[in-house]
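A short worksheet on the structure shown next.
In what follows, chains are A, B, ... by sequence order, proteins preceding strands, each numbered from 1.
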Amino acid sequence: MENRDIARILRETAQLLEIDGAIVGRYRSYEKAAELIYSLTERVDELAKDPEKLTELPGIGDRMAEHIGEILKTGDYGLRQKLLKKFPPTLLDLLKLQSLGPKKAALLWSMFQAATVEDVEKLAREGKLRDVPGFGEKTEQNILKAVEIFKKSSGRYLLHNAEAAAQTLVAYIKTAGKAVESVVIAGSLRRSKETAGDLDLLVTLADGCTSPKAVESLAEHILKYPSIDRTLARGENKVSFTLGNDMQVDVRMLDKECFGAALIYFTGAKEHNVALRGRALKMGYTLNEYALATVKGERRVAGKTEEEIYAKLKLAFIPPELRENCGEIEAAAEYRLPKLVCREDIRGDLQMHTTASDGKNTIEEMAGAARAMGHQYIAITDHSKSLTITNGLDEKRLLQHLKNMRDANARGLGIRVLAGAEVDILKDGRMDYENELLAQIDVVVASVHSFMSVGRAEMTGRLLAAIENPYTQIIAHPTGRILLRRDPYDYDMEKVLDAAAKYQVAFECNAYPDRLDLNDTHLRMAKERGVKIVISTDSHRTQHLEWMRYGVQMARRGWLEKADVLNTLPVEQFLSALRPKPGAATPAIPATKEKPRSSAVTKGRS
DNA sequence: GCCGTTTTCGGCCCGACTGTTTTCAGTCG
């Protein structure tokens with residue numbers, strides 16, 4: 001059983017308990033257990049073989065360990081089933097509606113047996129909600145709006161779209177003039193999470209501009225932003241609104257003395273903040289968005305910078321990408337946080353397409369753009385023959401394309417061009433080209449593009465077969481997810497990564513903003529097994545090469561260091577670090593048998 | 001249900017804001 005399934009059962013139990021009116025602490029312990037398990041890199045079913053291991057986890061006691069045991073054994077949990085006899089499962093959907101929480105949902109159920117979003121919408125349209133205790137006309141309207149948003153969007157946005165929206169807004173807020181000291185993007189965007197649900201902006205006020213009146217006029221300015229659709233809240237130091245695409249924006253305006261505390265607070269993740277506050281309390285401090293202060297006497301201890309707050313909490317500075325309460329606080333306490341890979345470490349890009357298949361630019365154009373970005377090498381990896389929709393290359397065209405890439409490289413483009421290919425992994429796990437041909441490709445990138453729903457066992461076998469093929473060097477976009485549109489393929493990631501480690505096959509961290517694949521958890525799993533990562537953009541035009549930074553951000557979220565990422569190496573070292581081809585000549589001993597092939601490679605490498 | 005250099009009981013992160021109330025519960029991040 002996967003951790004996420006266990007976490008889901010516990011989370012639903014927590015929500016049902018809250019609807020049922022359980023005391024705060026009880027449902028929170030289920031919530032905390034769910035969050036912990038969701039973010040764990042070790043498998044809970046493995047850990048649970050030794051019950052002591054489970055109770056060593058923070059927030060898991062004897063009782064919770066028993067419950068987890070029950071979930072692993074039966075696939076479900078008795079208390080959850082019992083609560084689902086009392087409340088229908090669709091009631092949990094209601095919690096996704098803005099302004100409707102567990103208390104109000106429970107009330108609607110008890111008064112009207114309303115259990116679905118449609119039920120609630122009907123009640124609101126009929127004007128029946130306004131008379132419910134604790135509701136009113138305004139709440140009724142808010143619920144109708146929430147239903148509308150619920151129906152038409154997933155409520156999340158791709159990282160690069162959210163970033164573009166945020167930057168435009170930041171530039172606008174800065175036009176307020178001298179009242180604004182700084183405007184920074186916080187929230188999940190600062191953590192580089194692959195999708196954002198909303199934008200969090202932090203505005204610090206310049207000296208002499210902190211009076212209520214000055215803040216009021218700044219809020220006025222912000223709310224005149226032309227793309228605003230609806231103002232949600234307007235208080236003394238906070239404004240919230242939605243943009244035309246329903247993206248919610250929260251802006252907090254604070255004194256610059258609070259900057260560090262506020263930035264930690266608004267960067268999150270919520271779970272990280274909760275854990276930090278817990279640590280603060282144990283040390284006799286209390287932490288909020290204004291400062292770190294002593295519990296007794298409320299003496300201010302820190303607040304101006306994030307660094308000083310982490311330092312007072314006896315923690316190393318935690319980079320935003322790691323702030324998910326996934327072990328980063330423990331690591332920071334022992335000063336063993338990873339030194340994360342950064343964009344400047346990257347020397348090459350190992351997946352991109354040209355006009356030979358479905359790309360928009362030529363070999364020379366891609367090479368020129370990559371050189372201009374400072375890359376030292378690229379692999380051009382057009383699609384293979386089975387992927388007809390992309391104009392995939394058959395054997396004859398591939399041979400010609402390999403020659404074209406090598407010729408272009410030989411002409412000297414100021415960047416090393418490796419003659420690669422993105423080869424389809426067929427339904428039965430065979431590769432789309434015969435080994436004889438694969439042997440002639442400098443960098444063999446393998447990936448799945450078809451039959452994505454074959455089932456877990458078959459998909460696992462398929463990837464294992466691909467990895468066992470001696471010519472496979474990199475597995476590209478390994479889970480196949482398309483963010484907000486397509487789920488990852490289902491397969492046994494542990495098993496497949498173990499095989500990748502055994503056969504020295506690298507996994508890709510695909511930087512294409514719709515993919516960002518592998519995700520953070522899988523990257524950590526790969527790192528733990530010693531599987532090396534290649535960050536590639538999967539560019540289909542020159543502009544896409546810039547997306548490398550999203551791949552690096554994802555790699556950082558996966559705790560990767562420079563040494564974990566192969567394309568931080570100079571080209572010769574990179575090639576040596578890839579899985580060696582069968583019978584390939586080592587640099588010292590030329591293999592006469594392989595002469596035609598190795599001479600081609602040698603030429604390519606010149 | 002978890003947990004302890006205040007505690008084996010009684011808390012559980014913390015504050016802003018709204019909308020309904022007439023001093024505060026619920027929701028949200």
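B:dG29 and B:dT23 have their P atoms separated by 29 Å, given to the nearest Å. Taking atom C1' in both B:dG26 and B:dT21, one finds a spacing of 12 Å when rounded to whole Å. Going from the P atom of B:dT7 to that of B:dG1 covers 25 Å, rounded to whole Å. Comparing B:dT18 with B:dT22, their C1' atoms are spaced 15 Å from each other, to the whole Å. B:dC2 and B:dT6 have their P atoms separated by 23 Å, with the value rounded to a whole Å. A gap of 23 Å separates the C1' atoms of B:dC9 and B:dC14, to the nearest Å. As rounded to the nearest Å, B:dC12 and B:dT8 have C1' atoms that lie 16 Å from one another.
The residue among A:N288 and A:Y30 whose nearest nucleotide of DNA chain B is located toward the 5' end is A:Y30.
In this structure, the CG atom of A:L254 is 12 Å from the C1' atom of B:dG15, given to the nearest Å. Remark: P of B:dC2 and NE2 of A:H67 are 7 Å apart, rounded to the nearest angstrom. In this structure, A:L287 atom CG and B:dC12 atom C1' are separated by 17 Å, rounded to whole Å. As rounded to whole Å, 14 Å separates atom C1' of B:dT5 from atom CG of A:L281. Put simply, NZ on A:K32 is 8 Å from P on B:dC3, counting in whole angstrom units. Taking atom CG of residue A:L17 and atom P of nucleotide B:dG1, one finds them 9 Å apart after rounding to whole Å. Look at CD on A:Q141: it is 15 Å from C1' on B:dT18, rounded to the nearest Å. Atom P of nucleotide B:dC2 and atom CG of A:D62 are separated by 7 Å, given to the nearest angstrom.
Note on ring orientation: taking the six-membered ring where Trp is involved, the planes of A:Y30 and A:H67 are parallel (angle under 30°, cut-offs 30° and 60°). Between A:H221 and A:Y172, the ring planes lie parallel to each other; the angle is under 30°, not in the 30° to 60° tilted range.
Note on A:Y290: only backbone sugar-phosphate atoms sit closer than 4.0 angstrom, heavy atoms only; bases stay farther off. Nucleic acid contact for A:V274: base, since at least one base atom lies under 4.0 Å from a heavy atom of the residue.
Nearest heavy atom pair, residue A:R524 against residue A:G558, reads CG-O, 3.2 Å.
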Set out, in order, the CA-CA distance, both residues' side-chain angles and the distance that settles salt bridge (charged side-chain N to carboxylate O under 4.0 Å, His left out) for A:E163 and A:R190, then state yes or no. CA-CA 9 Å; A:E163 191 180 78; A:R190 182 163 181 247; over 6 Å; no

For A:K122 and A:E118: C-alpha separation, side-chain torsions, deciding distance, then whether salt bridge (charged side-chain N to carboxylate O under 4.0 Å, His left out) applies. CA-CA 6 Å; A:K122 187 159 177 282; A:E118 287 72 25; over 6 Å; no

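Using Watson-Crick or G-U wobble geometry with both donor-acceptor distances under 3.5 Å, B:dT8 finds no partner in any strand shown.
A salt bridge is defined here as a Lys NZ or Arg NE, NH1 or NH2 lying under 4.0 Å from an Asp or Glu carboxylate O, and A:E194 with A:R156 fails to meet this definition. In summary, A:D517 and A:R481 do not engage in a salt bridge, as defined by a charged side-chain N under 4.0 Å from a carboxylate O. Between A:R252 and A:E289, at least one side-chain nitrogen of the basic residue sits less than 4.0 Å from a carboxylate oxygen of the acidic one, meeting the salt-bridge criterion.
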Readout for nucleotides 20-29 of chain B: B = base within 4.0 Å of protein heavy atom, S = sugar-phosphate only, - = neither; 5' to 3' it is S-----SSSB

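One finds no side-chain N or O of A:N273 lying less than 4.0 angstrom from the OP1 or OP2 phosphate oxygen of B:dC14. At the phosphate of B:dG1, OP1 or OP2 sits under 4.0 Å from a side-chain N or O atom of A:R63.
Comparing B:dT18, B:dC14, B:dC12 against the side chain of A:I23 picks out B:dC12 as the nearest. Nearest nucleotide to the A:T286 side chain, out of B:dT18, B:dC14, B:dA16: B:dC14.
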